[in-house]
Every structure is written in structure tokens, then in C-alpha cells.
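Heads up: the structure comes next, in C-alpha cells.
Naming convention: chains lettered A, B, ... in sequence-line order (proteins, then strands); numbering from 1 in each chain. Since this is a predicted model, take the numbers as computed values, not measurements.
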Amino acid sequence: MLNLKFIQDNPDLVVEKLKRKNFDASEIVSTIINLNAQKNKLQAEADQAKAEMNKISKEIGMLFREGKAEEANAAKARTSEIKENIKNFDTDFSAIEEKVNDLLVQLPNLPHDSVPFGKAEEDNEILKTVGEIPTLHENAVPHWELAAKYNLIDFELGVKITGAGFPVYRGKGAQLQRALINFFLAEGTLAGYEEIQPPLLVNEASGFGTGQLPDKEGQMYHATEDNLYLIPTAEVPVTNIYRDVILDAKNLPYKNTAYSACFRREAGSYGKDVRGLNRLHQFDKVEIVQVAHPEKSYAILDEMVAHVEGLIKKLGLPYRLLRLCGGDVSFASALTFDFEVYSTAQEKWLEVSSVSNFESFQANRLKLRFREEGVKKPQLAHTLNGSALALPRIVAALLENNQTPEGIKIPEVLIPFTGFDMIN
RNA sequence: GGAGAGAUGGCAGAGUGGUCGAAUGCGGCGGUCUUGAAAACCGUUGUACCGCGAGGUACCGGGGGUUCGAAUCCCUCUCUCUCCGCCA
């Protein structure tokens with residue numbers, strides 16, 4: 001959520017910047033400014049009426065105590081009109097406030113100046129492509145065939161137990177999952193992130209805090225009886241650790257990492273791109289989250305990108321780094337870098353990580369603030385997060401790229417975590 | 001699932017209709033003392049909104065009501081805790 005005061009002070013800037021996200025904000029912004037002016041006027045009037053009311057009430061109290069009941073009752077008579085006015089002011093005020101809030105949550109975050117103009121995926125800026133794309137042997141196959149051949153992942157069994165998009169990992173397939181999770185968490189801990197094991201279901205307030213609610217409800221599984229949502233990413237519970245808090249500036253940045261299963265309804269996504277592990281309703285991911293000082297957040301974004309890059313490098317996967325264009329950057333993000341690894345058997349790039357700076361957009365909803373030494377007024381912190389990493393497509397790429405006629409080779413760094421060096 | 005208790009400032013915890021944005025203690029910050037520290041003592045210490053400012057308004061879990069006046073009374077919702085049952 002953008003800051004109301006900021007919009008008030010910089011309406012043209014907001015409209016201009018949002019063009020980069022292909023969002024025409026002119027109408028919303030001007031409506032907000034209009035309504036806000038009315039709102040302020042109403043508040044001034046209401047406050048004045050309330051001040052008068054408070055004064056009279058105090059006087060009445062004093063008169064009663066002095067035993068001047070007659071004067072007190074006379075004073076009472078004066079209050080009814082003021083009371084009526086206050087009621088009207090408050091009703092109007094709430095109505096306007098609600099409208100302003102409805103409009104405010106419709107505005108996406110302002111994109112960073114480095115975000116390229118563009119409509120969709122294909123307009124993303126490729127910053128670098130790293131690593132050799134391996135030459136596979138003649139009989140190389142995509143990961144879903146490898147998964148079946150070595151009995152690593154059973155998609156049909158998942159369909160039986162739950163439904164499509166809920167694979168069953170087994171044997172070395174399951175062990176590989178566990179190894180990757182442990183490897184990613186260990187690397188996070190080494191990089192100074194505190195490990196968190198968060199709840200997998202969250203309440204409405206948390207969903208709102210990170211921006212999934214109210215608009216993206218359909219993307220989350222909803223346990224309606226208890227009104228709880230299954231998390232689409234650990235970002236939600238972890239970032240909400242910092243909801244409604246005022247932090248000490250000297251303790252910034254806060255760094256957390258968390259493994260969680262992630263649940264996504266992703267309604268309406270079918271077709272050839274969703275085969276195997278490419279797109280699932282339940283998957284595993286290790287997330288990194290930071291709460292940062294506004295002046296440091298972009299340096300921290302770079303640091304997080306470097307961390308993710310290190311993970312992919314250690315796994316020996318060919319990858320590329322993208323800067324998302326305005327059309328592809330998410331609603332809440334100011335700047336997002338994506339990592340894609342190359343799936344040699346499928347001959348395509350698969351997104352495995354998204355690292356974003358949300359600046360104060362989430363913080364504003366979360367009421368996540370910090371206080372600078374000696375400064376009385378708290379200010380909004382910046383939040384950042386990134387996948388480090390999402391497992392399914394990493395697994396897909398590992399299986400495909402490392403396949404040999406003898407079996408699938410496990411990357412060196414993972415062997416201590418898997419306990420085996422080959423799947424055969 | 002059954003029964004009961006409760007929700008007040010960073011924390012603990014008073015406050016049952018007016019002088020309560022709220023005692024007191026702890027914590028935090030500043031100071032005195034000290035070579036330094038501790039102790040002791042003194043002072044200070046919520047957030048948001050409106051206003052150029054003086055200042056004003058709101059907030060004692062959320063919403064509604066009674067009243068000139070509500071942390072305090074009434075209704076309602078949510079959440080938390082305790083005991084019993086069930087269970088990893």
C-alpha cells in the first residue's frame with residue numbers, strides 16, 4: 001500500500017511512475033486527493049465539535065459536583081444538537097475513509113527507476129547468462145520420465161491421494177528433497193539468516209499484511225471453517241513476524257530464512273508447460289526475508305541476489321539472471337530479479353527464484369516501522385524477500401542436466417546432505 | 001467437543017460512570033554521584049490523524065448501544081488462558 005501522504009504530496013510522480021507498470025493511476029490518484037481533502041475538512045469540523053462537547057461534559061460534571069443541578073440540566077439541553085452534528089460528521093468521515101482505503105489498496109507499488117518498460121515476460125532484461133549447457137547423451141529424457149524410471153516421484157499416486165499437482169516423493173527422490181532443504185537452510189544460516197519454522201496456515205490479518213488479501217484470495221487454499229489460509233510462501237508468516245512492531249534502527253537489518261511447504265491453487269493453469277514438476281499445487285521452498293533500513297535496502301537486495309546466485313552456482317546449474325520489466329513485476333514489488341535455470345531435456349528456462357525489494361509497500365500495510373536513535377517519529381521500514389530456493393524446478397533441472405547412461409549424478413555440495421552421490 | 005476465566009501502555013499490573021491517555025512496579029532514555037561500573041536518587045518515556053502554529057481529536061481486543069459524560073454499564077463478535085475429554 002502506498003503512503004497516503006506521499007500520494008498527496010506527489011500525485012504526478014505517482015501517476016508517472018506507475019505508467020512503467022502499465023497502470024493508469026490518474027483517475028484513482030485524483031479521486032484519492034479529492035476525497036482526502038474532504039476527509040481532512042470533515043475531521044477538522046468533527047474535532048472542533050467534539051472538543052466543544054468534551055468541554056461541556058466536563059462543565060456539567062463540575063456543576064453536579066457543586067450541587068448546581070439546575071445549571072447542569074440547562075447545559076445538557078445544549079448538547080443534543082452538537083451530538084447530532086458529531087454523529088453526522090463521523091458517518092460521513094467513515095464513508096470517505098473507507099473509499100480512500102479501497103482506492104489505496106488498488107494502487108500497485110511504484111517501480112524502481114531501473115525497471116525496464118515492457119508488457120510481459122519477453123520484455124524482461126537478461127542481465128547475464130552463466131554456465132555451460134550440458135550436452136546430454138542420446139537417450140536423455142525429461143525429468144518426469146527420470147522420476148518414473150528411478151522411482152523418485154510418483155505423480156499418479158499423488159492424484160489418487162489428493163489430486164493433480166500434489167506429487168509423492170519417495171526413496172532417493174524424497175531424500176533429495178530433504179537434502180536440498182537442509183543445504184539451502186545451512187547456507188542461509190551461514191549467511192547470517194536466523195532460521196524460522198513458521199505456521200503453514202495464517203489468519204486474515206497476515207494475508208492482508210503481505211498483500212495476498214483482499215485481491216488474491218483465489219490463489220490461496222482457504223480453510224473456511226476456521227477462516228485460515230494455507231500459505232502460498234513462507235514470506236507470508238515470516239514477514240508477518242514484523243507486523244505491528246516498531247523496531248530499533250540499530251538492530252536493522254533483520255534476516256530470516258524459513259523452509260515451508262507452499263500451497264497454490266493456481267486455478268486455470270493447465271497445458272504442456274505444467275507437466276511434471278514445472279507447476280504444482282504443493283511444493284517446497286526455502287525463503288529468505290529481510291527487514292531493512294530504507295537507505296540500505298537496495299544494497300541488501302544485491303546481497304540477496306548474490307546469495308541466491310551462490311546457491312545455484314554451487315549446484316552447478318546453468319542459469320540466467322533477469323531484471324523484470326514493468327509488466328512482469330508483481331503488484332507489491334518495486335524491483336524484482338528472477339533466476340532461471342536451464343532445463344536441458346525440456347530445452348527451456350525455468351524460474352527458480354524471485355528476489356524483490358518491496359520498499360515500504362508491505363511495511364505500510366504491516367505497520368512495520370523502526371525508530372532512529374534520537375528521532376521521536378517512527379518511520380516505515382523496507383521489506384525484501386527471495387526464494388533461496390524453490391525446489392521443484394531445481395530438482396527438474398538437476399535430474400535432467402545431470403543424467404548419464406549410468407544414472408543421475410548428485411552435485412558435490414549435496415553429497416554430505418544426501419549421503420549418496422548417484423541415483424541409479 | 002464440555003465447563004470456566006480473561007483481553008488495559010514495551011512488560012507486569014491497578015483502575016467499576018466525570019478531575020483517566022490512564023496509578024504503581026519493571027524495563028528504556030537522560031542526569032546526579034563514581035576513576036569506571038553497579039547501587040541509590042532525580043527527571044523523562046505510547047501511537048495515529050487534523051492544524052503553519054498554539055493546540056485539538058481518537059485509541060484501554062473489534063463493532064454497536066445507554067449517558068451531558070464510558071477503560072468502567074449493556075449487547076455482540078473475535079481472540080487468549082485454565083480444567084476436563086480426544087489426540088501427535
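For the pair A:K68 and A:E59, the salt-bridge criterion is not met [side-chain N within less than 4.0 Å of a carboxylate O].
Atom C1' of nucleotide B:U47 and atom NZ of A:K377 are separated by 9 Å, given to the nearest angstrom. Summarising the geometry, the separation between NZ on A:K58 and P on B:G18 is reported as 13 Å, rounded to the nearest angstrom. Between A:N73 atom CG and B:C68 atom P the separation is 10 Å, expressed in whole Å. B:G9 atom P lies 13 Å from atom CD1 of A:I246, rounded to whole Å. Rounded to whole Å, the distance from CD on A:E52 to P on B:G69 is 14 Å. For the pair A:I82 CD1 and B:G69 P, the computed distance is 11 Å after rounding to whole Å. The separation between A:F64 atom CZ and B:G18 atom C1' is 11 Å, rounded to whole Å. When rounded to the nearest whole Å, the span between CG of A:D47 and P of B:C59 equals 11 Å.
Looking at heavy-atom distances under 4.0 Å, A:A75 makes no contact with the nucleic acid at all. Across all strands shown, A:K376 has heavy atoms under 4.0 Å from sugar-phosphate atoms exclusively, and none from any base. A:M62 comes within 4.0 angstrom of nothing in the nucleic acid, heavy atoms only.
Across B:A23 and B:G15, the matching P atoms stand 14 Å from one another, rounded to whole Å. Going from the P atom of B:G17 to that of B:U72 covers 11 Å, rounded to whole Å. For the P atoms, the distance linking B:A48 with B:G10 amounts to 12 Å, nearest Å. Of the P atoms belonging to B:A71 and B:G65, the separation is 15 Å, rounded to the nearest Å. Comparing the C1' positions of B:G13 and B:C26 gives an interatomic distance of 11 Å, to the nearest angstrom. Distance check on atom C1': B:G4 versus B:U8 gives 22 Å, rounded to whole Å. Across the P atoms, B:G9 and B:C60 are found 10 Å apart, a figure rounded to whole Å. Comparing B:G6 with B:A12, their C1' atoms sit 16 Å apart, to the nearest whole Å.
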Under 3.5 Å, sequence neighbours excluded: what are the donor-acceptor pairs made by side chains of residues 2-24 of chain A?
residue: A:N3; atom: OD1; partner: A:K5; partner atom: N; Å: 3.0
residue: A:N3; atom: OD1; partner: A:F6; partner atom: N; Å: 3.3
residue: A:Q8; atom: OE1; partner: A:N36; partner atom: ND2; Å: 2.5
residue: A:N10; atom: ND2; partner: A:F6; partner atom: O; Å: 3.0
residue: A:E16; atom: OE1; partner: A:K19; partner atom: NZ; Å: 3.3
residue: A:K17; atom: NZ; partner: A:D113; partner atom: OD1; Å: 3.2
residue: A:R20; atom: NH1; partner: A:D113; partner atom: O; Å: 3.0
residue: A:R20; atom: NH1; partner: A:V115; partner atom: O; Å: 2.6
residue: A:K21; atom: NZ; partner: A:N109; partner atom: O; Å: 3.1
residue: A:K21; atom: NZ; partner: A:S330; partner atom: O; Å: 2.8
residue: A:K21; atom: NZ; partner: A:F331; partner atom: O; Å: 3.2
residue: A:K21; atom: NZ; partner: A:S333; partner atom: O; Å: 2.7
residue: A:N22; atom: ND2; partner: A:G118; partner atom: O; Å: 2.9
residue: A:D24; atom: OD1; partner: A:S26; partner atom: N; Å: 3.1
residue: A:D24; atom: OD1; partner: A:S26; partner atom: OG; Å: 2.7

Ignoring hydrogens and angles, write down the donor-acceptor pairs under 3.5 Å from the side chains of residues 146-170 of chain A, residues two or more places apart or on other chains.
residue: A:D154; atom: OD1; partner: A:E156; partner atom: N; Å: 3.2
residue: A:D154; atom: OD1; partner: A:L157; partner atom: N; Å: 2.9

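When each of B:U47, B:U57, B:C68 is scored by its nearest atom to the side-chain atoms of A:R369, the top-ranked nucleotide is B:U47. Distance from the side chain of A:I60 is smallest for B:C68 among the nucleotides B:C49, B:C68, B:G46. Checking B:G56, B:C68, B:G46 against every side-chain atom of A:T79, the shortest atom distance belongs to B:C68. Looking at the side chain of A:K50, the nearest of the listed nucleotides B:A58, B:U47, B:G18 is B:A58. The side chain of A:R371 lies closest to B:G46, out of B:G46, B:C50, B:C49.
Side-chain atoms of A:S206 and A:N203 form a donor-acceptor pair, as typed in the model, at a separation below 3.5 Å. No side-chain N or O of A:E217 forms a donor-acceptor pair with one of A:Q212 less than 3.5 Å apart. Judged by distance alone, the side chains of A:N385 and A:Q290 never bring a donor and an acceptor atom under 3.5 Å apart. A:R243 and A:N240 share a side-chain donor-acceptor pair at under 3.5 Å.
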query = How would RNA chain B look in dot-bracket form, 5' to 3', counting Watson-Crick and G-U wobble pairs with both distances under 3.5 Å and writing | for bases paired to another strand?
reply = ((((((((.[[[..)..(.....]]]((((((.......))))))(((((....))))).[[[[[..)....]]]]])))))))....
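In this model, the phosphate group of B:C50 is approached by a side-chain N or O of A:K5 to a distance below 4.0 Å at OP1 or OP2. Residue A:N54 places at least one side-chain N or O closer than 4.0 Å to OP1 or OP2 of B:A58. One finds a side-chain N or O of A:K83 lying less than 4.0 angstrom from the OP1 or OP2 phosphate oxygen of B:G69.
A cation-pi contact, defined as under 6.0 Å to the ring centre and within 45° of the axis, links A:R365 to A:F208.
Along RNA chain B, the nucleotide closest to A:K87 and the one closest to A:K250 are compared, and the more 5′ of them pairs with A:K250. The nearest heavy atom of RNA chain B to A:Q48 and to A:I56 marks one nucleotide each, and the one closer to the 5' end goes with A:Q48.
Between A:F183 and A:F417, the angle of the ring planes goes over 60°, which puts this pair in the perpendicular group of the 30/60° scheme.
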